[in-house]
Number of protein chains: 2
Amino acid sequence: MDAIDEIDLDAELRARGYRVTQPRRAVWEALRTADGHLTVEHITARTAELGYDVDLASVYRSLDLLAELGLARASRLGESEAGRWELAHPDEHFHLVCAGCGEVDHHIGSLVAEIRDHVDGAHGFAVEGVELTVTGWCARCRRDRRLR
Amino acid sequence: MDAIDEIDLDAELRARGYRVTQPRRAVWEALRTADGHLTVEHITARTAELGYDVDLASVYRSLDLLAELGLARASRLGESEAGRWELAHPDEHFHLVCAGCGEVDHHIGSLVAEIRDHVDGAHGFAVEGVELTVTGWCARCRRDRRLR
DNA sequence: GTGGCTGCAAACATTTTGCATAACT
DNA sequence: AGTTATGCAAAATGTTTGCAGCCAC
């Protein structure tokens with residue numbers, strides 16, 4: 001199957017009986033063309049850069065819809081209070097958050113799948129999603145920290 | 001060492017030069033005597049039940065302080081927007097969140113330690129904390145869902 | 001006594017909602 | 001044309017902050 005960022009949103013929307021509108025396209029473009037997780041405010045700014053004029057409320061509504069379509073997902077990282085969003089990549093990944101610089105790294109690998117397999121079925125629990133966030137210090141911040 | 005819920009908060013505070021106050025004791029009691037993760041609002045309600053009269057702002061401030069002392073930690077679960085808090089149990093555990101009933105299960109086991117070992121040191125990243133949340137459907141909700 | 005802490009209220013930040021209008025099909 | 005979705009503004013939620021007075025030390 002194609003990569004998720006090449007999905008035809010218009011078709012996806014129509015297939016489910018939703019209308020194709022500017023805000024929905026705008027939010028999808030914003031997510032699709034920027035990798036990593038964006039705050040809602042950041043997404044709104046990006047839609048503006050892309051030439052759309054979208055209200056904040058519509059960004060929220062579009063994000064919820066994209067989530068329902070399985071195209072996007074919310075992720076809450078570390079202590080950050082702001083909700084962040086990213087494409088719902090089918091390859092499961094986890095996040096490394098540096099306590100020093102706040103940098104967030106995506107890591108892809110078998111780890112998340114292993115966790116899923118490990119937990120799925122145990123105690124009758126059917127796993128749907130695995131959210132793994134590892135906090136710590138990246139190489140650079142460790143060095144800077146030592147120097148202080 | 002003693003279990004975390006038997007720690008003498010007064011001593012802990014004094015050792016770090018903080019004052020021993022009612023709100024701090026109240027929040028500590030609330031966390032200590034209720035297992036699982038509580039919303040801030042829930043914690044405030046519990047302090048009231050315990051006979052304290054604590055302002056919301058003070059609950060927030062006390063929680064931040066407990067976190068700094070390493071006695072409590074914030075955990076953001078699944079889609080829930082509200083911040084939740086729990087004792088900083090030294091044994092690492094992860095959360096199972098049911099998408100149906102919202103029930104949250106704590107699971108203790110070697111899994112989190114394995115993840116830590118797996119990630120620690122890779123790419124020069126020094127792991128400090130591992131936050132793992134698995135969402136899915138518990139046995140009961142799976143059944144109810146099928147029936148609908 | 002004095003400086004840290006609290007309570008209160010107001011400010012903030014984020015997300016949700018009601019409703020008249022615009023726009024997709 | 002008929003609705004669904006949008007924009008706007010207001011409300012709801014959750015959390016933080018400024019400040020005068022109180023209380024632990």
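Chain identifiers are assigned alphabetically (A, B, ...) following the order of the sequence lines, protein sequences preceding nucleic acid strands; residue numbering begins at 1 within each chain.
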S.K.: With sequence neighbours excluded, what pairs up with B:Phe94 under the side chain to side chain contact (heavy atoms under 4.5 Å, CB included) test?
M.R.: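 Here the qualifying residues are A:Val119, B:Leu96, B:His107, B:Leu111, B:Val112, B:Leu132, B:Val134.
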
S.K.: Heavy atom of residues 42-50 of chain B under 4.0 Å from DNA chain D: which residues?
M.R.: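 The answer is none.
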
S.K.: Tell me, which pairs form a salt bridge (charged side-chain N to carboxylate O under 4.0 Å, His left out) where one or both residues lie in residues 107-126 of chain A, sequence neighbours left out?
M.R.: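 Every pair satisfying salt bridge (charged side-chain N to carboxylate O under 4.0 Å, His left out) with a residue in residues 107-126 of chain A: A:Glu92-A:Arg116.
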
S.K.: May I ask you to say what A:Asp10 touches in the nucleic acid, namely base, sugar-phosphate or nothing, with a heavy-atom cut-off under 4.0 Å?
M.R.: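 No contact.
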
S.K.: Apart from B:Ile108 itself, what residues make up its hydrophobic cluster, given side-chain heavy atom links below 4.5 Å?
M.R.: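 None; B:Ile108 is a cluster of one.
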
S.K.: Do any pairs count as a salt bridge (charged side-chain N to carboxylate O under 4.0 Å, His left out) and have a residue in residues 55-65 of chain A, sequence neighbours left out, and if so which ones?
M.R.: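 Pairs touching residues 55-65 of chain A that pass the test: none.
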
S.K.: Contact list please: residues 13-23 of chain A against DNA chain D, heavy atoms, distance less than 4.0 Å, in numerical order.
M.R.: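 Nucleic-acid contacts, sorted: A:Tyr18, A:Arg19, A:Thr21, A:Pro23.
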
S.K.: Is the backbone N or O of A:Val27 less than 3.5 Å from a side-chain atom of A:Thr47, with the two atoms forming a donor-acceptor pair by type?
M.R.: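 Between the backbone of A:Val27 and the side chain of A:Thr47 there is no qualifying donor-acceptor contact (under 3.5 Å).
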
S.K.: Taking only residues two or more places apart in sequence or in another chain, which ones pass ring-ring contact (aromatic ring centres under 6.0 Å, His included) with A:His93?
M.R.: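 Partners of A:His93 under the ring-ring contact (aromatic ring centres under 6.0 Å, His included) test: A:His95, A:His106.
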
S.K.: Would you list the pairs meeting salt bridge (charged side-chain N to carboxylate O under 4.0 Å, His left out) in which at least one residue belongs to residues 19-30 of chain B, sequence neighbours left out?
M.R.: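 Residue pairs with at least one partner in residues 19-30 of chain B: B:Asp10-B:Arg25, B:Glu29-B:Arg32.
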
S.K.: Would you give the length of the straight line joining atom OG1 of A:Thr21 to atom CG of A:Leu9, rounded to the nearest 0.5 angstrom?
M.R.: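 Between A:Thr21 OG1 and A:Leu9 CG, I get 8.5 Å after rounding to 0.5 Å.
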
S.K.: If you check every side-chain atom of B:Val40, which of D:dT6, D:dT15, C:dT15 has the closest atom?
M.R.: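 My answer, after comparing the listed nucleotides, is D:dT15.
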
S.K.: Would you jot down, in residue-number order, the residues of residues 58-71 of chain A having a non-hydrogen atom under 4.0 Å from DNA chain D?
M.R.: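 By residue number: A:Ser58, A:Arg61.
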
S.K.: Using five pairs at each end of the helix from C:dG1-D:dC25 to C:dT25-D:dA1 to define an axis, what is the angle between those two axes, to 10°?
M.R.: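 Rounded value for the end-axis angle: 30°.
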
S.K.: Test of understanding: with side chain to side chain contact (heavy atoms under 4.5 Å, CB included), list the residues that count as partners of B:Ala88, not counting sequence neighbours.
M.R.: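 Expected list: B:Ile4, B:Arg73.
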
S.K.: Going by the rule side chain to side chain contact (heavy atoms under 4.5 Å, CB included), which residues pair with B:Glu68 if we only count those two or more places apart in sequence or in a different chain?
M.R.: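 Applying side chain to side chain contact (heavy atoms under 4.5 Å, CB included) to B:Glu68 gives B:Arg16, B:Tyr18, B:Leu65.
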
